[in-house]
Amino acid sequence: MAMLKSSLAFLVLAFAFAFFLCFIISTGDGSYVYFQFVQQWPPATCIRSTKPCSKHRPLQIFTIHGLWPSNYSNPKMPSNCVGSQFNESKLYPQLRSRLKRSWPDVESGNDTKFWEGEWNKHGTCSEQILDQIQYFERSHEMWNSFNITHILKNASIVPSATQTWKYSDIVSAIKAVTKRTPALRCKSNPTQPKGQAKTQLLHEVVFCYGYRALKQIDCNQTAGCWNQVDILYQ
Ligand SMILES: *[C@@H]1O[C@H](CO)[C@@H](O)[C@H](O)[C@H]1NC(C)=O
Ligand SMILES: *[C@@H]1O[C@H](CO)[C@@H](O)[C@H](O)[C@H]1NC(C)=O
Ligand SMILES: *[C@@H]1O[C@H](CO)[C@@H](O)[C@H](O)[C@H]1NC(C)=O
Ligand SMILES: *[C@@H]1O[C@H](CO)[C@@H](O)[C@H](O)[C@H]1NC(C)=O
Ligand SMILES: *[C@@H]1O[C@H](CO)[C@@H](O)[C@H](O)[C@H]1NC(C)=O
Ligand SMILES: *[C@@H]1O[C@H](CO)[C@@H](O)[C@H](O)[C@H]1NC(C)=O
């Protein structure tokens, strides 16, 4: 009987604790837990695109796609939160000219529209931590802190029409420099040669940051590329 009582007490305590944890997490001043900072490889963005970018040679450096407040429990990240809508006049000239380098609208060439879309969809969900100016300043600093194009080149990973890589080859090369595990996102290869091993295209590299967007952390989501399929970087 005493045994039953104590295990019952334990159960109640465990439930209370779990409930408490859930409470802390879900009220943790916002509906996101960490940030995904996503950089894209423009040639992969433009492949199969119906937008103007498929008509000229895309940039050959990784540029920003977005800074996305995210959470682990829900793979669909929060979006279009209640908050201030994008205000172009807040981007002072020096910031604007920086963003034109780091965060161009690769697909359609309307940078302001791209920034507006990313802020309204994602930035509004972390506005309690980063206001619009800080959101764009931090993103540019993140882009500036590591040059992925350079890191890969330095590890002899350069664009090639034929050479393929393992997911871990690319991740290890980046991690060796950043000391944090990045995540990769791939796109299916539209020009898959018949009879050859299936490949996918490296499209985006994700860095993860903590709640305040200051400390880089390991990314642990892996859903961005197919498992066991070699990767083309071209
Ligand atoms: C994750 O995001 C969803 C969608 O916005 C939100 O409902 C949920 O509370 C978030 N979870 C956590 C732990 O913040
Ligand atoms: C946009 O930002 C500018 C500069 O901070 C400010 O003067 C203006 O009132 C803002 N516009 C809106 C609609 O909030
Ligand atoms: C670019 O997008 C902005 C914001 O959506 C819009 O105001 C502007 O007219 C667009 N410019 C062009 C050239 O389409
Ligand atoms: C990043 O590295 C690439 C390849 O080395 C180089 O072409 C590019 O200019 C670098 N970008 C910046 C902003 O330093
Ligand atoms: C370049 O490669 C060397 C040796 O592989 C490595 O020690 C160094 O950290 C790399 N530097 C950058 C900026 O990627
Ligand atoms: C990723 O890490 C977070 C924080 O440590 C953890 O809560 C989550 O369960 C992990 N997700 C996976 C898929 O490992």
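Every value quoted in this text rests on a predicted model; they were computed, and no experiment measured them.
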Item to check | Other ILVMFWY residues reachable from L214 by side-chain steps of under 4.5 Å | outcome: none

Residues two or more places apart in sequence or in another chain: which of them pass side chain to side chain contact (heavy atoms under 4.5 Å, CB included) with [X]?
X    : answer
E127 : S84, W119
S108 : K51, P52, D105
C81  : P78, T124, C125
T181 : V171, K175, D218

Next on the checklist: Test: ring-ring contact (aromatic ring centres under 6.0 Å, His included). Region: residues 213-234. Which pairs qualify, not counting sequence neighbours?
Outcome noted: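 Listed by first then second residue: W41-Y233.
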
Item to check | Centroid-centroid under 6.0 Å between F207 and F35 rings | outcome: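 No; F35 has its ring centre 6.0 Å or more from that of F207.
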
Next on the checklist: Which residues pass the ring-ring contact (aromatic ring centres under 6.0 Å, His included) test with Y34, not counting sequence neighbours?
Outcome noted: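 Y72.
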
Checklist entry - Who passes ring-ring contact (aromatic ring centres under 6.0 Å, His included) against W68, sequence neighbours left out? => result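 Per chain and number, W68 pairs via ring-ring contact (aromatic ring centres under 6.0 Å, His included) with H65, H122.
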
Next on the checklist: What I want to find out is whether E204 reaches K187 closely enough, with some N-O distance under 4.0 Å, to be called a salt bridge.
Outcome noted: no

Checklist entry - Residues in salt bridge (charged side-chain N to carboxylate O under 4.0 Å, His left out) with K100, at least two apart? => result D111

Item to check | Pairwise salt bridge (charged side-chain N to carboxylate O under 4.0 Å, His left out) hits with a residue in residues 130-152, at least two apart | outcome: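 Sorted result for residues 130-152: R138-E141.
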
Checklist entry - What pairs meet the salt bridge (charged side-chain N to carboxylate O under 4.0 Å, His left out) rule with one or both residues in residues 145-165, with sequence neighbours excluded? => result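 Matches after skipping sequence neighbours: none remain.
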
Checklist entry - Has the side chain of Q134 got a donor or acceptor atom that lies under 3.5 Å from a matching backbone atom of Q132? => result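 Flag not set: sc Q134 to bb Q132 has no pair under 3.5 Å.
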
Item to check | Q228 atom CD, over 12 foreign heavy atoms within 6.0 Å | outcome: no

Next on the checklist: T178: which residues meet the side chain to side chain donor-acceptor pair (under 3.5 Å) condition with it, sequence neighbours left out?
Outcome noted: none

